[in-house]
Amino acid sequence: MPKNISAATLMVLSACIIWGAQPMFVTFVVREFDPIPLVSIRYFTVGVVLLAALAYSGEKLLPPRKAWLPLFLMGVLSVGGNNVAQFTGLQYSTVANLTIIASLTPAVTDS
């Protein structure tokens, strides 16, 4: 392993750790909340943080108007649907099963 670890490498490692630990923490949360409100709160919070980051950086806040509907549908049907399915599954199964299924997602969705 090189002595100099770049910031990008640390960011990727951090993302992997967060991604891997997420199902474990979600198991505790789905005991208290239903999956749909949980996903809604999660993505509303993420959206606000990302919009704030974009505003701070001076980037355009919104994509072109013609992209709004496709982006909305992709977000609700793919990302939102996937998370609702995973969080619902955690109510009936184990973290280990969710992690196995989630790790297969890139293999079964590759075009």
Side-chain angles (χ1 to χ4, degrees):
M1 188 163 162
K3 293 181 181 183
N4 298 0
I5 297 179
S6 69
T9 302
L10 291 175
M11 296 290 279
V12 168
L13 285 172
S14 299
C16 290
I17 291 168
I18 292 168
W19 189 303
Q22 182 246 343
M24 182 177 57
F25 291 109
V26 170
T27 55
F28 300 115
V29 178
V30 294
R31 293 179 188 160
E32 303 296 325
F33 294 101
D34 288 330
I36 292 176
L38 178 62
V39 170
S40 300
I41 292 167
R42 178 181 182 184
Y43 284 103
F44 177 78
T45 305
V46 168
V48 168
V49 169
L50 288 176
L51 283 174
L54 282 173
Y56 179 75
S57 70
E59 295 289 328
K60 277 179 56 175
L61 293 181
L62 295 174
R65 187 176 282 274
K66 68 180 184 178
W68 288 8
L69 181 62
L71 288 171
F72 176 78
L73 291 174
M74 284 189 292
V76 170
L77 298 176
S78 63
V79 177
N82 177 46
N83 277 271
V84 168
Q86 285 186 10
F87 294 176
T88 302
L90 276 173
Q91 292 178 322
Y92 302 102
S93 189
T94 65
V95 173
N97 286 338
L98 172 68
T99 305
I100 291 168
I101 292 168
S103 68
L104 293 174
T105 301
V108 298
T109 59
D110 188 25
S111 53

#### Entry: Tyr43 atom OH, neighbour heavy-atom count above 12 within 6.0 Å
yes
#### Entry: Trace of the side chain to side chain contact (heavy atoms under 4.5 Å, CB included) decision for Leu50 with Val46
CA-CA 6 Å; Leu50 288 176; Val46 168; 3.8 Å; yes
## Note on the structure
One should read off an interatomic distance between Phe87 CZ and Asp34 CG, to the nearest 0.5 angstrom, of 12.5 Å
### Minimum-distance pair of heavy atoms, taken over all atoms of Val30 and Gln91
O-NE2, 3.4 Å
### Query
Going from CG on Leu98 to OH on Tyr92, what distance comes out if it is rounded to the nearest 0.5 angstrom?
14.5 Å
### Summary
With Val39 as partner, the option from Val84, Val76, Thr88 fulfilling side-chain contact (heavy atoms from CB on, under 4.5 Å) is Val84
### Message
Measuring from atom CG of Leu51 to atom CD of Glu59, what distance do you get when rounded to the nearest 0.5 angstrom?
### Response
12.5 Å
### Message
To the nearest 0.5 Å, what is the distance between CG on Leu71 and CG on Leu62?
### Response
10.5 Å
### Query
Quick one: CZ on Phe28 to CG on Leu90, what's the gap to the nearest 0.5 Å?
11.0 Å
### Task
Taking all heavy atoms of Ile41 and all of Thr45, pick out the closest pair and write down the distance.
O-OG1, 2.8 Å
### Task
Give a yes or no on whether the backbone of Gly89 and the side-chain of Ser93 come within a donor-acceptor separation of less than 3.5 Å.
no
